[in-house]
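Reckoned from all heavy atoms, side chains included, excluding hydrogens, waters and symmetry mates. Sequence lines set the chain letters: A, B, ... in the order given, protein chains first and strands last, and positions in each chain run from 1.
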Amino acid sequence: MPFYRCLIPKGSLSYDQRERVAVAFTDVHCGNSTAPRSFVQVAFLNTDGSGEVRDSHGQGVMRYSTPFFIAGGNRAGRGEAVKGRIHDGLIERFCEIAEVPRDQVSCQISEAPASWTMEAGRILPEPGEEAEWVGHGASGG
Amino acid sequence: MFVQEGCVPEDLRPGIAAAVEGICLDVLGAGDVSIEWTVVARGYGFRGGKPSTTSLVRGRIPDGCDRGTRARFLMGIADAWRRITGAAEDEVIVSGRDWSWAG
């Protein structure tokens with residue numbers, strides 16, 4: 001966690017743009033939280049034209065009506081202001097790098113308890129408790 | 001299952017699926033398991049802003065698991081994944097949300 005899926009029209013972003021978006025999403029997420037950078041996963045997937053994408057856990061769908069859609073999955077426990085800054089920051093940076101108008105991008109972020117995810121063989125820490133978690137083992141490549 | 005292109009050969013996937021089904025049955029008592037694979041194309045998956053080799057196993061499990069049971073489930077999947085694929089410990093992330101969770 002977090003896991004950000006960017007649903008994009010086929011061929012709409014170059015590798016350079018995808019890489020820059022991934023770095024920008026990492027900057028936005030980690031700049032508004034205490035998550036280590038290695039937590040941030042970004043995947044770009046081609047849209048299929050249906051206007052919906054299955055939840056990454058396989059139950060239910062997220063619906064969207066824009067050409068570009070960011071489907072996020074984060075740990076629960078952050079305040080509304082932080083969540084809002086992450087949400088808005090992702091869209092802002094995506095639009096800037098992809099060179100698309102704001103009304104072409106939407107974003108939805110679902111949340112679940114940290115204790116429902118295991119990474120590097122350990123249950124994830126609650127938001128704000130990452131330093132101790134990282135200090136007790138390697139995090140990420 | 002979200003896997004990076006080239007990281008989990010197709011011929012390993014049936015074994016992974018069988019292992020996941022076994023763990024679901026042994027730990028959760030759940031025998032009805034549906035598995036889908038999403039391959040993230042090369043150059044389309046990143047971790048910390050860098051190209052990723054990390055796989056994400058994400059699923060729904062029956063509501064009401066206590067912390068210990070959920071941890072055994074997650075660890076069982078992670079261990080099986082590493083044993084079958086040869087992935088490093090930090091190259092697989094496993095999560096199991098409650099079936100009814102709408103977060």
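- Interface remark: B:Phe73 contributes no atoms to any contact with chain A (heavy atom separation under 4.5 Å).
- Using a 4.5 Å cut-off between heavy atoms, A:Thr117 touches chain B through backbone and side chain atoms alike.
- Chosen from A:Arg37, A:Arg5, A:His57, the residue pairing most often with chain B at heavy-atom distances under 4.5 Å is A:His57.
- Both the backbone and the side chain of B:Asp98 come within contact range of chain A, judged by heavy atoms closer than 4.5 Å.
- Ranked by non-hydrogen atom pairs under 4.5 Å with chain B, the options A:Leu124, A:Val40, A:Val23 are led by A:Val40.
- Taking the charged nitrogens against the carboxylate oxygens, A:Asp55 and B:Arg60 do have a contact shorter than 4.0 Å, which makes a salt bridge.
- Of the atoms belonging to B:Arg70, it is side-chain heavy atoms, and not backbone ones, that fall under 4.5 Å from chain A.
- Contacts with chain A were tallied for B:Glu89, B:Glu91, B:Gln4; B:Glu89 has the most, counting heavy-atom pairs under 4.5 Å.
- Looking at B:Thr38, the atoms closer than 4.5 Å to chain A (heavy atoms on both sides) all sit in the side chain, from C-beta outward.
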message: Could you walk me through whether A:Ser110 and B:Arg97 satisfy the side-chain hydrogen bond (donor to acceptor under 3.5 Å, both in side chains) test, starting with their C-alpha distance in whole Å, then the side-chain angles of each, then the deciding distance to 0.1 Å, before giving a yes or no?
response: CA-CA 11 Å; A:Ser110 68; B:Arg97 290 189 178 184; 3.2 Å; yes

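- Only the side chain of A:Arg54 comes within contact range of chain B, with heavy atoms under 4.5 Å apart.
- Neither the backbone nor the side chain of B:Ile61 comes within contact range of chain A, judged by heavy atoms closer than 4.5 Å.
- By number of non-hydrogen pairs under 4.5 angstrom with chain B, the leading residue of A:Tyr4, A:Phe44, A:Phe25 is A:Phe44.
- By the criterion of side-chain heavy atoms lying less than 4.5 angstrom apart, applied directly or through intervening Ile, Leu, Val, Met, Phe, Trp or Tyr residues, A:Leu7 is not grouped with B:Val39; the two fall into different hydrophobic clusters.
- For the pair A:Arg18 and B:Phe46, the cation-pi criterion (under 6.0 Å, within 45° of the ring axis) is not fulfilled.
- Around the CG atom of A:Asp16, the shell of radius 6.0 Å holds more than 12 heavy atoms that belong to other residues, nucleotides or ligands.
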field: side-chain contact (heavy atoms from CB on, under 4.5 Å) between A:Leu45 and B:Tyr44, worked out
entry: CA-CA 7 Å; A:Leu45 303 168; B:Tyr44 284 70; over 6 Å; no

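- Most heavy-atom pairs under 4.5 Å with chain A: of the set B:Gly45, B:Ala71, B:Ala102, B:Gly59, this distinction falls to B:Gly59.
- Of the listed residues (A:Ser56, A:Ala43, A:Ala22), the one with the most heavy-atom contacts under 4.5 Å to chain B is A:Ser56.
- Of all the listed residues (A:Ile109, A:Ile123, A:Val42), the one sharing the greatest number of non-hydrogen pairs under 4.5 Å with chain B is A:Val42.
- Electrostatic pairing of B:Lys50 and A:Glu19 does not count as a salt bridge here, judged by no charged N lying under 4.0 Å from a carboxylate O.
- B:Trp101 places a side-chain N or O within donor-acceptor distance of the main-chain N or O of A:Glu111, the cut-off being under 3.5 Å.
- Grouping the Ile, Leu, Val, Met, Phe, Trp and Tyr side chains by contacts below 4.5 angstrom, directly or via other members, places A:Val82 apart from A:Met1.
- Of the possible polar contacts, none joining the B:Arg47 side chain to the A:Gln41 backbone as a donor-acceptor pair under 3.5 Å is found.
- Side-chain contact check for B:Cys65 versus A:Trp116: every heavy-atom pair is 4.5 Å or farther apart.
- Residue contact with chain A, scored on non-hydrogen atoms closer than 4.5 Å, involves the side chain of B:Arg67 exclusively.
- With chain A as partner, the option from B:Ser34, B:Gly48, B:Ala88 having the largest number of non-hydrogen pairs under 4.5 angstrom is B:Gly48.
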